[in-house]
Novice: 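Supplied in structure tokens, the structure appears directly below.
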Number of protein chains: 2
Amino acid sequence: MPDSAAAPTSQRILDLAERLVQTRGFNGFSYADIAASLGVTKASLHYHFPAKAELGRRLIGRYEENFVAALAAIERKVKRPLEKLRRYAAIYAGVLAQDRMCLCGMLAAEYATLPKAMQKELQHFFDENERWLARVLEEGRRARELDFSGAPREVARLLISSLEGAMMLARSHGDATRFRAVAERLMGDLAA
Amino acid sequence: MPDSAAAPTSQRILDLAERLVQTRGFNGFSYADIAASLGVTKASLHYHFPAKAELGRRLIGRYEENFVAALAAIERKVKRPLEKLRRYAAIYAGVLAQDRMCLCGMLAAEYATLPKAMQKELQHFFDENERWLARVLEEGRRARELDFSGAPREVARLLISSLEGAMMLARSHGDATRFRAVAERLMGDLAA
DNA sequence: GTCTATAGGTGGATAGAC
DNA sequence: GTCTATCCACCTATAGAC
């Protein structure tokens, strides 16, 4: 999903806003920033997204759609549970490689300041991630390819927490290798 | 360190600003917020902290001092490495119990928007944490009380990432038990 | 769909009286 | 050390012409 210059304005707005949230946070950019970058006026942005809260809500929705599609692609291409987990971590690594934080991880930090509608969408994103991971974990344990104690849902939460946290710290240290090291250690700990 | 109403103004400012950063982020509060809560004017705040960047720098410095003191207290009270790690995680749990995020974890998310001076102080905080954890891990492995592969410094980074991430997600789900579950799992994975 | 113009508010910050 | 008063830049958002 590159920000093609020929794309409809509403999509160019979303693409740019997405990057801004991922790098600076929802409270770290303004309509003026987007307008200047796209060469349009603020008023024009308000035509497409009347309120910033609405823009934020749509950003989460689109991000989640793309994420779900990526998870489905993993399911199609890969059979082994451990490899599915590696690909899951690779999604995060790909985002970090663009010097971005996970959109929803960033928003989780700003949670208390977000409009209610955005808070709700955020929860949904993480729930979806948890459910997918828990299913893969369960499947892997059954197949004796993965080994862990306790509920799959709890391991799923550990994975999400650790990957999001590692992404955040790798970004602030300007050192993506930190993320990879954490991700590989997590996967290694799960291999049977 | 409760925000005693009788404390000097500069300390009351720091106490309140700290809580605001931990709950709303550095870009999520203003001098006006503090002024209103303390019953003073914005001009008075600027007397104590001429610029917000300076206030932010001092916040990190004080937070780090307190953190270092807490780590020293652990060393005094506890001998077993695994128990030291548990107490380390308990510091995080204590912060979360006040419905706050780790000050520096919050700032790490906002990293790209922070003044350079704050960015530097932030790195120092995490480096200090890493060094302390790495030493405890090394000590524990030598004593055969802890078991892990690879460099202690890398495990230290995993612990910090995971605890910060778990804190962030627990807060946005309004569910502190999520944090405890992650913390206990991390400790369990390290026990020999 | 995009523009000009502007409203109404808040941001951080300063001057100068007390 | 705290106040009043004020500056100016920026914020989100709207009205109305093209």
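Lettering follows sequence order; numbering is per chain, from 1.
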Novice: Report the C-alpha distance between A:D15 and A:Q11 in whole Å, list the side-chain angles of each, state the deciding distance to 0.1 Å, and finish with yes or no for side-chain contact (heavy atoms from CB on, under 4.5 Å).
Specialist: CA-CA 6 Å; A:D15 289 341; A:Q11 190 193 311; 3.6 Å; yes
Novice: Not counting sequence neighbours, which residues clear side-chain contact (heavy atoms from CB on, under 4.5 Å) with A:R157? List them please.
Specialist: A:E130, A:R153, B:R178
Novice: Polar-atom pairs under 3.5 Å, protein N or O versus N or O of nucleotides 1-3 of chain C: list them with distances, or write none.
Specialist:
unit_1	atom_1	unit_2	atom_2	d
C:dG1	OP2	A:Y47	OH	3.2
C:dT2	OP1	A:T9	OG1	3.0
C:dT2	OP2	A:H48	NE2	2.7
C:dC3	OP2	A:T41	N	2.8
C:dC3	OP2	A:T41	OG1	3.0

Novice: Using a 4.0 Å cut-off on heavy atoms, which residues in residues 106-116 of chain A reach DNA chain D? List them by number, or say none.
Specialist: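 Close to the strand, none.
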Novice: Going by heavy atoms closer than 4.0 Å, what residues in residues 21-36 of chain B are next to DNA chain D?
Specialist: none
Novice: Can A:T23 and A:D99 be counted as having a side-chain donor-acceptor contact under 3.5 angstrom?
Specialist: no
Novice: Are B:N27 and A:T113 packed together at the side-chain level, in the sense that at least one heavy-atom pair is separated by less than 4.5 angstrom?
Specialist: no
Novice: If you round to the nearest 0.5 Å, how far is CD of B:E138 from CZ of B:R142?
Specialist: 4.5 Å
Novice: Assign the ring pair A:Y88 / A:Y92 to parallel, tilted or perpendicular, where the plane angle (0 to 90°) is split at 30° and 60°.
Specialist: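 Rings of A:Y88 and A:Y92: tilted, as their planes differ by 30° to 60°.
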Novice: Taking the side chain as every heavy atom from C-beta outward, state whether B:L137 and B:L85 have any atom pair closer than 4.5 Å.
Specialist: yes
Novice: To the nearest Å, how far apart are B:L45 CG and D:dT4 P?
Specialist: 13 Å
Novice: Which distance, rounded to the nearest 0.5 Å, do you find between the OH of B:Y111 and the CE of A:M168?
Specialist: 13.0 Å
Novice: Taking the inter-plane angle between the rings of B:Y31 and B:H46 on a 0 to 90° scale, is it parallel (under 30°), tilted (30 to 60°) or perpendicular (over 60°)?
Specialist: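 B:Y31 vs B:H46 ring planes: tilted.
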Novice: Hey, could you give me the CG/CG distance between B:N129 and B:L159, rounded to the nearest 0.5 Å?
Specialist: 10.5 Å
Novice: Is there any salt bridge (charged side-chain N to carboxylate O under 4.0 Å, His left out) pair reaching into residues 44-54 of chain A, and which pairs are they, with sequence neighbours excluded?
Specialist: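 Only A:E54-A:R57 qualify under salt bridge (charged side-chain N to carboxylate O under 4.0 Å, His left out).
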Novice: Rounded to the nearest Å, what distance is computed from the CG atom of residue A:L20 to the C1' atom of nucleotide D:dC11?
Specialist: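 Value for this atom pair: 15 Å.
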Novice: I'd like to know if B:R100 and B:E18 make a salt bridge, using a cut-off of under 4.0 Å between side-chain N and carboxylate O.
Specialist: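 Here B:R100 pairs with B:E18 in a salt bridge, since their nearest N and O are under 4.0 Å apart.
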Novice: Nearest whole Å is fine: how far is D:dA13 P from A:L55 CG?
Specialist: 10 Å
Novice: Taking the axis from the first five pairs and the axis from the last five, what angle separates them in the helix from C:dG1-D:dC18 to C:dC18-D:dG1, rounded to 10 degrees?
Specialist: 0°
Novice: A:A109 and B:A109: which non-hydrogen atoms are nearest, and at how many Å?
Specialist: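 Scanning both residues, the minimum pair turns out to be CB-CB, 3.7 Å.
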